[in-house]
Amino acid sequence: MTKKILLSVFILPAVMAFAQQYGGMWIPTELNEKEMKDLGMKISAKDIFNTQKPSIKDAVVQFNGGCTAEIISPKGLLLTNHHCGYGQIQAHSTVQNDLLSNGFWAKNPDGELPNPGVKVDFIVDIKEVTDFILEGTDNLVEPELAKKINKNIEVYKNSQKIESYQSIIVKSMYYGNKFYAFTTETYKDIRLVGAPPQSIGKFGSDTDNWVWPRHTGDFSMFRIYAGKDNKPAEYSKDNIPYVPKHYLPVSIKDKAENDFTFVFGFPGKTTEYLPAVAVEKIMKDIDPARIAVREVALKTLDEKMRTDSETRIKYASKYASVANYWKKWIGEVEGLKKSNAVEKKVMYEGSLVAKNHEIKTTLDQLNKLYNDQAPYALNNAYYTEVVKNAETLKLAGDYYDYIASVESGKMEEKELTKLKSKVTSFYKDYSAELDAKVTAKLLALYVNKTAPQFLPAGFSKYKDENQNIPMIEEMSKNSIVTGRSQVNGAALTGDIEKAFSNQDKLIKTLKKDPVYQLYASMKETYMKTADPQFTSLQGKIDDLQKKFMAQQMATDKDRKFFPDANSTLRVTYGKVKGSTPRDAVSYGYQTHLAGVMEKYIPGDYEFDVPKKLIDLYNKKDYGNYKDKTGDVPVGFTATNHTTGGNSGSPALDANGNLVGLNFDRQWEGTMSDINYDPRFSRNIMVDTKYILFIIEKFADSKWLIDEMKVVK
Ligand code: ARG
Ligand code: GLU
């Protein structure tokens, strides 16, 4: 970044104290150590990542392929979010023994519950392997280029000597300009140790999701077990708790604003290096389209869920996941506007072009490509979201793919079993009548928002949602896709084996099915009128984005670059901070137990509080866990640049002690996936004091605290 831009971006705001210049998801072998130290870090980069001796990375794992978790005792005790362990907690729950509602606390190691299929991955080593992977690719273009790269990756992997429980993953960074090899080590015997009830672990649920001030105790605990030799082993009751190379000491010191923190984990995806035109399209076209579709779906579901408790339970988890990104995108658009992301990028591009005129050609081409792609991209956004959120169409899509697979001779027994179990579990929480309504409304939205050349012939008859409702209801009633009509003497929602018993008959019936036909006409029109152009333009954009990335790195010598997140191990850093997201609104950096009580709504599904927690609050029975205010701190915010996948990541202090557990962002700053801005971007963490307070005082599980190294 040029000095001029830095001035306008970082000096103008009144909240001036920011020394922090960079966001960033840094590869642990290439940290921005200088800024970390300037902001207060006392340890060194070598303490964070070292292959020669134990370092902090030895305590951080990817949890079951998505979230992050960390080791907090010499006996392999693992901490992650409640929402990351949710599936496992749910799997151990029954109506009689509902661990989601009641919580679960093993009394001793024998009481810890195994979770077949769950794994954690350590990162043993990281190497840059760009030269090896790009060997012999100089004069190649796609698709030959990708083929050669994949071949080189295979050769590289085969040339490395690793243990049977290790793997090597090669990942592209900087849009194909660099490649890194990660050696991973996988442990597969992971047992559930403890989880608070949902009324703590998911307190505030959807209403508070992405929102600060926050009062959620979003944590759960597991333990890694190993074979007798401490190496990975399949589950056995004879396995022993894993002895880690390093575990995180847990600090219960008071926090102060501006304390240095860093977050270590597996962020999923960011796009920080797009040209201005791409950001503008996201802000003006793509995000608003997705938001509009989900808004209609959520509103229609909500009307029914409010009046019918069976529907409420059935759709609770789906509603939460549709609402999660709906809310995130709203925040993203607001944040992009507020942080002047497009103007900032335009200025930055001007400064690049002033230094290297060739960049103008790249940018002109990108501008043209994004503008050419815009109508197709918009249709892609609407089509994708409508088909995802109109469940009837989504199901029809599953059967459409099934028929395509059968007819091309590619359907294998294994795939068929997968399909049956996928739709069966989908039908379990599906209301055909309710979804007919959602589908009717989304179809009207689709017709009204889509240019005529992208619509199937005759689709204008669907432009009115009120007229659609009886039409779609009629189709839904006469459809086998919805399970309201039968095939081979059974409903797909009932005896699925019987419904599949005569495949020819099933396929013939599907092809005549009204819902199937509706979907097929949408899909086939989309595949003919939009998808080929969208995809081929995207290929060209990707090629140019690689070039633009390389040009940015070669031209902007003053700037330190980090690669966009791609689910590999990264470090991000910042300071404990409150924020001023809107005019006259200012947020503190820390919440407390008193705030849980302020939000308490007895019997509410989001804001109920367990009686025992209320008792502890009334008695002020806080043990070691109150802070200078006399209350127990619950959550706090900082300027760490995090994203999805950072859930469960440890937040560490200047000395590498655990001070918090990352679980969310403040929605006014969620544009950080595209344009991190330390003025608005805040990650949200559970305070370690709250975690230990819940374990010791609420769950009476001091034996777990005794395992930890608590720093006072
Ligand atoms: N917003 C957080 C994250 O993206 C938490 C999501 C889970 N919680 C929820 N209420 N849906 O992913
Ligand atoms: N809740 C997110 C997750 O599950 C982390 C929050 C974010 O996107 O920053 O990974």
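Indexing begins at 1, ligand by ligand and atom by atom, following the structure's order.
- Look at R214 and D664 and you find a salt bridge, because one of the NZ, NE, NH1 or NH2 atoms lies within 4.0 Å of a carboxylate O, short of that distance.
- Per-residue contacts place W210 under 4.0 angstrom from the following atoms of ligand 1 (heavy atoms of the residue considered): 1 (N), 4 (O).
- The protein heavy atom nearest to atom 2 (C) of ligand 1 is D664 OD1, 3.2 Å.
- Near S205, meaning under 4.0 Å from any of its heavy atoms, are these atoms of ligand 1: 10 (N).
- Distance alone, capped at 3.5 Å, places no donor-acceptor pair between the R665 side chain and the T643 backbone.
- In this structure, the protein non-hydrogen atom closest to atom 12 (O) of ligand 1 is N324 ND2, 3.5 Å.
- Looking at D687 and K689, no side-chain N of the basic residue comes within less than 4.0 Å of a carboxylate O on the acidic one, giving no salt bridge.
- Distances below 4.0 Å separate heavy atoms of D664 from the following atoms of ligand 2: 6 (C).
- Cation-pi geometry between K318 and F426 is met: under 6.0 angstrom from the ring centre, within 45 degrees of the axis.
- Heavy-atom distances between H83 and ligand 2 reach below 4.0 Å in at least one pair.
- Near R665, meaning under 4.0 Å from any of its heavy atoms, are these atoms of ligand 2: 7 (C), 8 (O), 9 (O).
- In terms of polar-atom proximity, defined here as any N/O pair under 3.5 Å, W210 makes no such contact with ligand 2.
- For N566, the side-chain hydrogen bond (donor to acceptor under 3.5 Å, both in side chains) partners are T568, R570, not counting sequence neighbours.
- Between the choices G645, G268, C84, the shortest heavy-atom distance to atom 10 (O) of ligand 2 belongs to G645.
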Exercise. Should F561 and Y174 be marked as a ring pair (Phe, Tyr, Trp, His ring centres under 6.0 Å) after you check the CA-CA gap, both sets of side-chain angles, and the distance that decides it?
Worked result: CA-CA 9 Å; F561 286 87; Y174 300 108; 7.1 Å; no
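- Side-chain contact between V124 and T184 is absent, with no heavy atoms from C-beta onward closer than 4.5 Å.
- Evaluated by nearest non-hydrogen atom to atom 5 (C) of ligand 2, the leading choice among S681, G66, P267, S647 is S647.
- For C67, no nitrogen or oxygen atom sits less than 3.5 Å from a nitrogen or oxygen atom of ligand 2, counting backbone and side chain alike.
- Of all atoms in ligand 1, numbered sequentially from 1 with element shown, those under 4.0 Å from a heavy atom of D206 are 10 (N), 11 (N).
- Nearest protein neighbour of atom 8 (N) of ligand 1, counting heavy atoms only, is N209 OD1, 4.0 Å.
- Looking at residues two or more places apart in sequence or on another chain, you find no side-chain hydrogen bond (donor to acceptor under 3.5 Å, both in side chains) involving Y273.
- Salt-bridge check for D208 with K599: passed, with a basic side-chain N closer than 4.0 Å to an acidic carboxylate O.
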